[in-house]
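Report on the structure given below.
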Amino acid sequence: MPELPEVETVRRGLADLIEGRSFKSIQLNRKDIRFPMRDGLGDVARGQTVTHVGRRGKYMIIELDGAKRLLIHLGMSGRLILGADVMADELFYQKQQINPRHNHVIMTFNDAAVIYNDPRRFGMVDLLDPDGGHYLLAHLGPEPLANEFDGHWLAQRLRFSKTSIKEKLLDQNLVAGIGNIYASESLHLAGINPKRKAGNIALARLVNLAEAIRNTLQRAIEAGGSSLKDYRGVRGAPGYFQHQFNVYDRAGEMCRSCGKDNIRKIQQSGRASYYCAACQR
DNA sequence: AAACCCGCCTGTGCGC
DNA sequence: TGCGCACAGGCGGGTT
């Protein structure tokens, strides 16, 4: 579900909420989510203060003053929910369309609680290694909003690729944080057809693409992310970027750039791609 | 090495 | 109204 802008929005809300607070407990309601829970996860944070909430791609990292770090990924349907007395509040669950049976992890602080709820269980809560690394982070590409990410870097990495550019943008080892929505939206903004072979795009167009990615992600963060269905911020607020979609989920509708009914939906590696057949070449 | 395909799960919306 | 099916924002791992 959540891509970089949604994770960043949740990260900011979580940071406001828990930075400087100390853990009372981590309650594990299952022995696995996507993977088996790490041994000792339930005990590791007790009494420790949160010094920082960071993000790498679509992963959030909660740093503690005891040098331990928690790693959280929301998968497709994971949510972090603020709840001091939420756990008993049926109205809240109804309004937020949350089924409490999917409350897999409950982090309790002195005067706050954060619930990890994830119906599909594609997400995870884990610990970083003592040296701060983790095998899931080890091969991630650069942050798209960092300076090291640009058209020249893309050109170098894509030079020999015969895969379509859309599929490459979903590869977290190329660049970290882009998912299905923002891949389609960024390619539209850059005027590049999602089917184009990644190794067959001129440098100038890749420069445009890198800029389009940064622009799209930045605007989506400013809008609090995109809420198609279940995504919400920590305090339950939806994002608004879906109202700015140019192509995603708009098959058959009018392209806002060229004014024609040219928005198509195709499948690439089993996943939907949307593009304007007139604007994207 | 890159590309393809599958599996992991539940919930929803669609066509019949 | 009910039922079955396809599909959904992700990612790792196996095979070719």
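Sequence lines set the chain letters: A, B, ... in the order given, protein chains first and strands last, and positions in each chain run from 1.
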- Residues forming a side chain to side chain contact (heavy atoms under 4.5 Å, CB included) with Thr51(A), sequence neighbours excluded: Glu63(A), Asp65(A)

- Structure string for DNA chain B in dot-bracket form, Watson-Crick and G-U at under 3.5 Å, | interchain: .|||||||.|||||||

- Query: Starting at CG of Asn173(A) and ending at C1' of dA1(B), how long is that distance when rounded to a whole Å?
  - Reply: 13 Å

- Item | Side-chain donor-acceptor pair present, Ser22(A), Asn110(A), cut-off under 3.5 Å | yes

- Verify whether one side chain among Arg219(A) and Asn215(A) offers a donor that lies under 3.5 Å from an acceptor in the other. yes

- What integer distance in Å separates Lys31(A):NZ from dC9(B):P? 11 Å

- Message: I'd like to know if Asp43(A) pairs up with Arg46(A) as an ion pair, taking the criterion as any Lys NZ or Arg NE/NH1/NH2 lying under 4.0 Å from an Asp or Glu carboxylate oxygen.
- Response: yes

- Qualifying residues under side chain to side chain donor-acceptor pair (under 3.5 Å), relative to Arg11(A), sequence neighbours excluded: Glu8(A)

- Query: Gln268(A) and Ser164(A): side-chain donor and acceptor closer than 3.5 Å?
  - Reply: yes

- Note on the structure: Note: for Tyr274(A) and Tyr135(A) on DNA chain C, the residue whose nearest nucleotide lies more 5' is Tyr274(A)

- Query: Partners of Ala251(A) by side chain to side chain contact (heavy atoms under 4.5 Å, CB included), sequence neighbours excluded?
  - Reply: Lys265(A), Tyr274(A)

- Closest listed nucleotide, where the reference is the side chain of Lys265(A) and the choices are dC11(C), dA8(C), dG10(C): dA8(C)

- Task: Indicate, with a heavy-atom threshold strictly under 4.0 Å, whether Leu170(A) touches base, sugar-phosphate, or nothing.
- Result: nothing

- Message: Whole angstroms only, please: what is the NZ-C1' distance between Lys58(A) and dC11(C)?
- Response: 8 Å

- How would you list, by chain and number, every residue that makes a side chain to side chain contact (heavy atoms under 4.5 Å, CB included) with Pro36(A), sequence neighbours excluded? none

- Base, sugar-phosphate, or nothing for Phe241(A), non-hydrogen atoms under 4.0 angstrom? nothing

- Give the minimum heavy-atom separation between Leu41(A) and Val125(A), together with the two atoms involved. CD2-O, 3.7 Å

- Task: Take atom CD of Glu8(A) and atom C1' of dG9(C), then tell me their distance rounded to the nearest Å.
- Result: 17 Å

- Message: Please determine whether a side-chain nitrogen or oxygen atom of Gln172(A) lies at a distance below 4.0 Å from atom OP1 or OP2 of dG10(C).
- Response: no

Would you list the protein and nucleotides 2-5 of chain B atom pairs, both N or O, that sit under 3.5 Å from each other?
residue	atom	partner	partner atom	Å
dA3(B)	OP1	Lys162(A)	N	3.1
dA3(B)	OP1	Thr163(A)	N	3.1
dA3(B)	OP1	Thr163(A)	OG1	2.6
dA3(B)	OP2	Thr163(A)	OG1	2.5
dA3(B)	O5'	Thr163(A)	OG1	3.1

- Message: Using OP1 and OP2 only, check whether a side-chain N or O of Tyr182(A) sits under 4.0 Å from dG9(C).
- Response: no

What does the list of N/O pairs under 3.5 Å between the protein and nucleotides 10-13 of chain B look like, with a distance for each?
residue	atom	partner	partner atom	Å
dT10(B)	O4'	Pro119(A)	O	3.4
dT10(B)	O3'	His102(A)	NE2	3.3
dG11(B)	OP1	Arg101(A)	NH2	3.3
dG11(B)	OP1	His102(A)	NE2	2.9
dG11(B)	OP2	Arg101(A)	NH2	3.2

- Item | Pairwise C1' distance for dA3(B) and dG9(C), with rounding to whole Å | 23 Å

- Message: For dC11(C), is there a stacking contact with Phe122(A), counting only centres under 5.5 Å and planes under 30°?
- Response: no

- Item | Ile33(A) CD1 to dG12(C) P, straight-line distance once rounded to whole Å | 15 Å

- Note on the structure: Sorted by chain and residue number, the ring-ring contact (aromatic ring centres under 6.0 Å, His included) partners of His134(A) (sequence neighbours excluded) come out as none

- Residues in side chain to side chain contact (heavy atoms under 4.5 Å, CB included) with Ala146(A), at least two apart? Glu143(A), Glu148(A)

- Item | Side-chain donor-acceptor contact under 3.5 Å, Lys166(A) with Ser273(A) | yes

- Members besides Phe35(A) in its Ile/Leu/Val/Met/Phe/Trp/Tyr cluster (side-chain heavy atoms under 4.5 Å): Tyr59(A), Ile61(A), Leu71(A), Met124(A), Leu128(A), Tyr135(A), Leu136(A), Leu137(A), Leu140(A)

- Query: Is any side-chain N or O of Arg34(A) closer than 4.0 Å to OP1 or OP2 of dG7(B)?
  - Reply: no

- Heavy-atom count around His243(A) NE2 within 6.0 Å, excluding the residue itself: above 12? yes

- Rounded to the nearest angstrom, tell me the gap between atom CG in Asp118(A) and atom P in dC8(B). 16 Å

Review item, nucleotides 14-16 of chain C N/O atoms under 3.5 Å of protein N/O:
none

- Message: I'd like the P distance from dT12(B) over to dC11(C), given in whole Å.
- Response: 22 Å

Could you list the donor-acceptor pairs under 3.5 angstrom formed by side chains in residues 186-196 of chain A, with sequence neighbours left out?
residue	atom	partner	partner atom	Å
Ser186(A)	OG	Tyr182(A)	O	2.6
Asn193(A)	OD1	Lys195(A)	N	2.8
Lys195(A)	NZ	Tyr275(A)	OH	3.3
Arg196(A)	NE	Arg281(A)	O	3.3

- Task: Check the distance between dC11(C)'s P and His134(A)'s NE2 and give it to me in whole angstrom.
- Result: 14 Å

- Query: Can you check the His104(A) NE2 to dC8(B) P distance for me, whole Å?
  - Reply: 17 Å

